[in-house]
Every structure is written in C-alpha cells, then in structure tokens.
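Below: one structure, written as structure tokens.
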Amino acid sequence: MKTLRSYVLGEWHEADSGFVTLVDPSTEEPVARASSRGIDFAAVLDHARGPGCDGLRSLTFAQRGALLKEMSRVLKDRRDELFEISRINSGTTAADASFDIDGAGGALAWYANFSRTLGDRGILAEGEASALSKDGSFQAGHVLVPRPGAAVLINAFNFPAWGFAEKAACALLAGMPVIVKPATATAMLAERFIEIIIGAKLLPEGALQMVCGSTGDLLDRLGAHDVLAFTGSAATARTLRDSPSLAHANTRFNVEADSLNAAVLAPSASDATFDLFIRDVVREITQKTGQKCTAVRRIFVPPDRLGAVQDALAARLAAVVTGNPAEPSVTMGPLATRGQLEDALDGLRALGGVARRVHGTGVRADGRGSPAGKGFFVEPVLFRADDPRAAGPVHEREVFGPAATLMRYDGTAANAAQFVGLGGGMLVTSVYGDDTAWTRDYVVHGAAHAGRLYIGSAEAAGSAPGSGAVFPHTQHGGPGRAGGGAELGGLVGLRLYLQRVAIQAAPPMLAAAHGDANG
Ligand code: NAP
C-alpha cells in the first residue's frame, strides 16, 4: 500500500503515524494511506509568506501565466497514469476522470492564456483616475496588488484534480503562494498531480506546498493577509466560519459548498429543446455518480409534461450500467467512500419520506465487475413529489449521489422561480425553453437564486455542454447554501487573492504609481 506524502518546506514529508486508509471504492481494497503527522505548520506558513511570496511577486502576470501553461503541459503528458489513479482511488469511469483531470488542465491553460490580457506587469490598475481637488492637483485611482500572505486551498473529495487546479491557477496567477489540502479520501490523485508539477521544477521555491491529511493547527495560524479558499460541505464551512482565530484575524475566506441545483422545463420547449433537457438532466444525475456540486437535484416541469419527462428520464436511467469502471461496459462507477454511500442512502430515505420513488431501488447495489457485497454502489434514483411546497427535504438535503426529484410547477416563470428559490441559494439553475419572453421573465424573478443561469434552447441543442460543466470564463459560486463565494470568471477569480489599494496623490505621483502598475 502506498504511503502518501506531503510536500512542505521544499521537501517530501512522510509521516510515521496517524494514518487514514484510502480504498478502491469498487472493491474496498486498501490502496494508500495518508497522514500529515509531524508537519510544522508555522514553518509551512513562513515558507509560503517568505520565499513563496517573494518568488511570485518578482514575476509579471504574463510570466506567472507561462508557469500555468507548463503545469498544464506536464500534467497532460501523464494523462493515462492519472486516469488510472483516479479509477483506483475515486472509482471513476474514463469519462468521469476526464471531467476532473482534463478539466484541471483546461483551467490552467485557460488562465495561462488569460494572463496575456493582463500583460507584462506585476500590479493591475483598476478603473480611471478621478480628481479629488477642484483644480485637479490631487487625484485618486485604484491598484490591485498580490496579498502578502499564503493562500490555503482546501478541496472536496469529488474533484481532486480540478479542485486543485481551478483554485491554484487563480492564486498563483495573482501572485500568492498556495498550500493545498486535498480531501484525504481521494488524495492519491492530488498527491501525484503535485508530484508531477514539483518534479518539473517549474515554480519558485515556496510557491506550492501540499498537505496530505489533517491541517493540524494551520488554520489557527492564518493571519490578516492570508486567504482560505474552501470547497466542501456546508456543515464544514460553518465549522470553519465559527473558528475564533479566522474571525479574529479577519482572514479572507471564500466558500464553495452544497447546492440543490434546479432544472426547469418551460412550456414553450420545442422537441429539440425537450431532448436537450432530458439529455442534460440524465448526465447531471449520473456523471461522477452524482457527486458534483453542480448536479441537478430538482427538476421542475409544467403539469402536462410530467408524464413524458418521467418516462423519458426513467428510460435513459435504465440504460445506465453501474459497476467497477475497470469493466468496459460500465457507464457509472461507485460512490467514493463508505461514508458517502451511507450518507447518500440516508438522504434517499429522507427524500422517500416526502416523494414517491419512480425509478431505482434507493438501496446499495452490487456493481458489475465487482465481488458481490463489495463496493459503494447505488443505481440512479428518480423521485416524484406532487407538491413542491410540501417536499421540505427535497429542497434542503443535498443527496450527494445519482438522484433527483421531479416536481410540477404551473408553467409561469414566476412560479418556477418561487419553487427554485426553496433551495436556499444555488450554484446553477438551468432553464430550457424557446420563448424569449418567458426566459426574460425567469431572469427577472429567479436568476438571483443561483450564481449561474444556463439557458437551453433549440439553437443551442447541438453545442450546449450541460449545466454541470464549470468554465473558467464564468463565475463559479452562488449565494446562500452554496457558500456565497466566487471563483473563476477571469479576473473575478483573481480578486480573492489581490488587495485593492486606493492611491491618492498629485498627478505625477499617481502617474508614477499607475506607471508602475502599467509598466
Ligand atoms: P467536507 O467533508 O466538508 O470536506 C471538504 C474538505 O474540508 C476536505 O478536504 C476535508 O478534509 C476538509 N475538512 C473537513 N473538516 C475540516 C476542518 N475542521 N479543518 C480543515 N479542513 C477540514 O466535504 P466533502 O465530503 O469532501 O465534499 C462534498 C461536499 O462538497 C458536497 O457537499 C459538495 O456539494 C461540496 N462541493 C462543492 C463544490 C463547489 O464548488 N461549490 C465543489 C465540490 C464539492 P478531510 O478529507 O481530511 O476530512
């Protein structure tokens, strides 16, 4: 069994005790163990804040972007090996591994290209200067500079590769050194990712450190200039938010958490749009075995389409082959851990208390290609709830598995928005229809419930990627339960790691500051 190591203080650290065992979720065989015991977290922070900050700050945005491009390239060269680790440690099919691993490379490469728009400068000027005195002899402007601290990136188990890359791309490009902490259960892929990047000797000393296992007292040591970027459950986010040390130092804290995303079929949907809706929803229920923060959990349909939607979804879900991804015919793998399986089964029971199960068993299944009784498998489940207002857990409980609930609304955008809003803040809502007036109405009433609105229509049927795909071009994050954070989205994602400073000065001095900023 492999012992995972942390990369801290410029070397690989192997613990000698305190291990957590990682297993292959298809067979339950142990594959690795992880522990961070023995790491001096005060020294880790000093290493980031000292050489890490200095090394990155001495580079321009364009130079940092070139590093991201190289990171993407070296990872691409090891794609097959990374896919195999993902299968063994996360139970992913090749398509699901691609979503995570190629998505990671894509995020790094996109930000590498984006860096060219920021140019050969180390500071960004923001907006135009304005006069503070009548004669214009005293003026004001703003600049964005890298925060002089460490960016601690805590990731969820479901995206060990992309979760690292999407955060690290923004932090490194902004000029902040990162300390990444992957979720322990799936840290095998993250560890290899970092090992490849470190082995390529691309980054300045201290710019990238990784902790495999617990964060020890690291978070208690974060200060005013550090950033904590967290992805995980709303429950963990709450624990961290309540941490007195983070509050005391007012450490900048970004949260990406749970989300009860909704898909809405508008009455106007043409046949092509209806097909797109069914295709997208099935993908969102089953991709990564439903272990996606952006997965569709709630489906709203006008009364006259309920039967057709239920039949079409059930027929597609029936074709899903659940099992060990080592077996070529398998199209959906297991859940990642025993804990995730138990939590999902518990959630399915909760949904079953308020909704009718119309497809799937809702209990653990044996997976194709795995020994009987072994593996964390559950087949796709579709529920139907006739009154969304009486379906509390459907809007409150994120079942992190291949399950969704079909519900009716009266066909108006206002009513759809009202029911979508019961989810308490989401990452993404998807609406499918061909009537632009209805869609505009939805934007007015319901867009604000999620950080992203995906609109499917006949024109997009051949090219729309599905609502669950997160692109670096657009903001990722949402209000309320989803955490209230904002990542990616070009400059939006960088702002977390940059400090805005107002500069007030006479024009020559301001020009000098802006000259620095622009030169
Ligand atoms: P989790 O249990 O909250 O864990 C998330 C991360 O936090 C892990 O790395 C975990 O480390 C760490 N952690 C837990 N307690 C901690 C503490 N007291 N101090 C420091 N770190 C701590 O979530 P998960 O089960 O991995 O992920 C599933 C959840 O993430 C779902 O709810 C999903 O919706 C959400 N998610 C959201 C997004 C998004 O972008 N909004 C993306 C992906 C997933 P250990 O593994 O070592 O415990």
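No hydrogens, no waters, no symmetry mates; every other heavy atom, side chains included, goes into these values. Every number for a ligand or one of its atoms is a count from 1 in the order of the listing. Bear in mind that the values here come from a model prediction, so they are computed numbers and not experimental data.
Between R5 and E195 there is a salt bridge, since a side-chain N of the basic residue sits under 4.0 Å from a carboxylate O of the acidic one. Comment: D242 does not engage R238 in a salt bridge, judged by the lack of any side-chain N to carboxylate O separation of less than 4.0 angstrom.
In this structure, the side chains of S467 and D280 stay at 4.5 Å or more apart for every pair of heavy atoms. Side-chain contact between V152 and F230 is absent, with no heavy-atom pair separated by less than 4.5 Å. In this structure the side chain of F419 never reaches within 4.5 angstrom of the side chain of M407, judged on heavy atoms.
The six-membered or imidazole ring of Y111 lies away from that of F61, with a centre-to-centre distance of 6.0 Å or more.
Looking at A257 next to ligand 1, an N or O pair under 3.5 Å apart turns up. For ligand 1, one of its N or O atoms has an N or O atom of S233 under 3.5 Å away. Checked against a 3.5 angstrom limit, the closest N/O atoms of F400 and ligand 1 fall outside it. Residue contacts with ligand 1: A482 is placed with no nitrogen or oxygen under 3.5 Å of a nitrogen or oxygen of the ligand (distance criterion only).
The protein non-hydrogen atom at the shortest distance from atom 37 (C) of ligand 1 is C293 CB, 3.2 Å. In this structure, atom 31 (C) of ligand 1 lies nearest to the protein heavy atom E398 OE1, 3.4 Å. Counting only heavy atoms of the protein, atom 35 (C) of ligand 1 lies nearest to G232 O, 3.2 Å. Regarding atom 10 (C) of ligand 1, its nearest protein heavy-atom neighbour is K181 CE, 4.1 Å. For atom 20 (C) of ligand 1, the closest non-hydrogen atom of the protein is T215 OG1, 3.4 Å. If you check which protein heavy atom lies closest to atom 27 (O) of ligand 1, you get A156 CB, 3.3 Å. For atom 26 (O) of ligand 1, the closest non-hydrogen atom of the protein is F157 N, 3.1 Å.
Close contacts of ligand 1 with N158, meaning ligand atoms under 4.0 Å from a residue heavy atom, involve 43 (C), 44 (C). Those atoms of ligand 1 with a heavy atom of Q340 less than 4.0 angstrom away are 25 (O). Near T184, with a cut-off below 4.0 Å to any heavy atom, the atoms of ligand 1 are 45 (P), 46 (O), 47 (O). Interface atoms of ligand 1 facing N155, defined by a heavy-atom separation under 4.0 Å, are 5 (C), 6 (C), 8 (C), 9 (O). Residue contact check: T236 has heavy atoms under 4.0 Å from atoms 1 (P), 2 (O), 3 (O), 13 (N), 14 (C), 15 (N), 16 (C) of ligand 1. Of all atoms in ligand 1, listed by their number and element, those nearer than 4.0 Å to a heavy atom of A183 are 8 (C), 9 (O), 46 (O). Here is the list of ligand 1 atoms found below 4.0 Å of a heavy atom in T231: 5 (C), 6 (C), 36 (N), 37 (C), 38 (C), 39 (C), 40 (O), 42 (C), 43 (C), 44 (C). For ligand 1, the atoms closer than 4.0 angstrom to any heavy atom of I154 are 6 (C), 7 (O), 9 (O), 12 (C), 20 (C), 21 (N).
Ring geometry for F193 against F164 counts as perpendicular: the plane angle is over 60°, on a 0 to 90° scale with 30° as the lower cut. Ring geometry for F300 against H395 counts as parallel: the plane angle stays under 30°, on a 0 to 90° scale with 60° as the upper cut.
Of the listed residues (D258, L240, T186, T239), the one carrying the non-hydrogen atom nearest atom 17 (C) of ligand 1 is L240.
Within a 4.0 Å radius of atom 48 (O) of ligand 1, the protein contributes no heavy atom.
Contacts classified as side-chain hydrogen bond (donor to acceptor under 3.5 Å, both in side chains) and involving residues 340-353 (residues at least two apart or in different chains) are given here: D346-R397.
D100 CG to S86 OG: the interatomic distance, rounded to the nearest 0.5 Å, is 6.0 Å. Distance CZ/R37 to OG/S17: 4.0 Å, rounded to 0.5 Å.
Within the 4.0 Å heavy-atom cutoff, H476 counts among the residues contacting ligand 1. Taking 4.0 Å as the cut-off, L219 counts as a neighbour of ligand 1 on heavy-atom distance. Not a single heavy atom of V20 sits less than 4.0 Å from an atom of ligand 1.
Judged purely by distance below 3.5 Å, without hydrogens or angles, the side chains of T236 and T239 never pair a donor atom with an acceptor atom.
Across all their heavy atoms, V227 and R147 have their closest contact at CG2-NE, 3.6 Å. In plain terms, the two heavy atoms of L219 and S245 that are nearest each other are O-OG, 3.9 Å.
A donor-acceptor contact shorter than 3.5 Å links the side chain of R252 to the backbone of L496.
Contacts between Q291 and ligand 1 below 4.0 angstrom, taking non-hydrogen atoms only, are absent altogether.
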